[in-house]
Amino acid sequence: MFRDDLLAGKRILVTGGGTGLGKSMGRRFVELGASLVICGRRTEVLEATAAEFRAVTGGTVTTHGLDIRDASAVETMIEAIWADGPLDALVNNAAGNFVARTEDLSPRAIDAVLGIVLHGSAYATLACGKRWLAAGHKATVLSIVTTYAWTGSGFVVPSAMAKAGVLAMTRSLAVEWGRRGVRLNAIAPGPFPTPGAWERLVPKPEFARACETSNPLGRPGEHIELANLASFLLADEAGYINGECVTIDGGEWLQGAGQFNFLRKMSDADWAAARPKKS
Ligand code: HXC
């Protein structure tokens, strides 16, 4: 789909890059020639991922263990990264989420999700952004949000609040920083199964299939499809895309929005019977 060197010469940080979608995107970036930095809470997981990528691709991968909710830890990491040279791209991927009835949430539960998703994305974006602006360094930020950033969703309310905030940050800074060489975009993935997300978001095993297949394409997303979209948006060739949020969900959210979409349940016989008879 791409030239093998699409991202050659780019240094990219993926937050939460040790597992799940962050890992899948990071792997693709390295395959396309990027030098990768991944961060997350569990250093042993990061190290295992980095070793795997190095073995398969021969690319450069470095790791930083930190909790993205800690602003000073983020600043320390970015300072350490910049000591070896500037980043060219940041992918705000680290997320925290679980399903719960909203009335059951404690303040700490709300803070945990908002801290990881909203505050963590803001800390990382600002730590990179102020350095890029000061140096006049051309760069890009890609944030992973979700379609319920604009539709809202019950049972994941802190995540919906946080993702909506990250989308607002993306659109706001796209305008504020665009003229100064920094463009910001977002991706809203639909059902891309990962062990981390499904363990927290699918309370009964029998719901998994419905989560994955109740979209117009009838299948879950493949990680490579998301990774390719992310690679495209980070590439210089996508340089005029700024402030956009690209949905990659098989049409899932539109199906929930259209008033008559429930008619998908109609069979051919139902449609034939529903057609007015010619007089
Ligand atoms: C109610 C819960 C809960 C649950 C945790 N809490 N799980 N409350 N129902 N299921 C509460 C705890 O009781 C505690 O409050 C508070 O949340 C913090 O929990 P801790 O376990 O102490 O926090 P921490 O170890 O920091 O873990 C953070 C986390 C955890 C967000 C709760 O799930 C996590 O680390 N997640 C990271 C990975 C992740 O979530 N990946 C999935 C992202 S998927 P009290 O008051 O009891 O102390 C995603 C997809 C979106 O974002 C799009 C989908 C289509």
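What's counted below: heavy atoms across the whole structure, side chains too, no hydrogens, waters or symmetry copies. As the structure is a prediction and not an experimental result, all values here were calculated from the model. Start at 1 and go down the list; that is how both ligands and their atoms are numbered.
- The protein non-hydrogen atom at the shortest distance from atom 11 (C) of ligand 1 is A109 CB, 3.6 Å.
- In this structure, atom 22 (O) of ligand 1 has a protein heavy-atom contact shorter than 4.0 Å.
- For E31 and T57, the side-chain atoms include no donor-acceptor pair closer than 3.5 Å.
- Protein heavy atoms are found less than 4.0 angstrom from atom 52 (O) of ligand 1.
- Polar contact check, R108 against ligand 1: a nitrogen or oxygen pair lies under 3.5 Å apart.
- The six-membered or imidazole ring of W150 lies near that of W253, with a centre-to-centre distance under 6.0 Å.
- In this structure, Y148 is part of the shell of residues with a heavy atom less than 4.0 angstrom from ligand 1.
- Taking every non-hydrogen atom of A95 and a distance limit under 4.0 Å, the qualifying atoms of ligand 1 come out as 37 (C), 38 (C), 39 (C), 40 (O), 41 (N), 43 (C), 52 (O).
- With hydrophobic clusters built from ILVMFWY side chains whose heavy atoms lie under 4.5 angstrom apart, L126 does not share a cluster with V141.
- For the residue pair D104/T102, the side-chain donor-acceptor check at 3.5 Å is not satisfied.
- Inside a 4.0 Å radius of atom 35 (O) of ligand 1 there is at least one protein heavy atom.
- Distance check on atom 5 (C) of ligand 1: some protein heavy atom falls below the 4.0 Å cut-off.
- For ligand 1, the atoms sitting less than 4.0 Å from at least one non-hydrogen atom of S106 are 15 (O), 45 (P), 46 (O), numbered in the order shown with element in parentheses.
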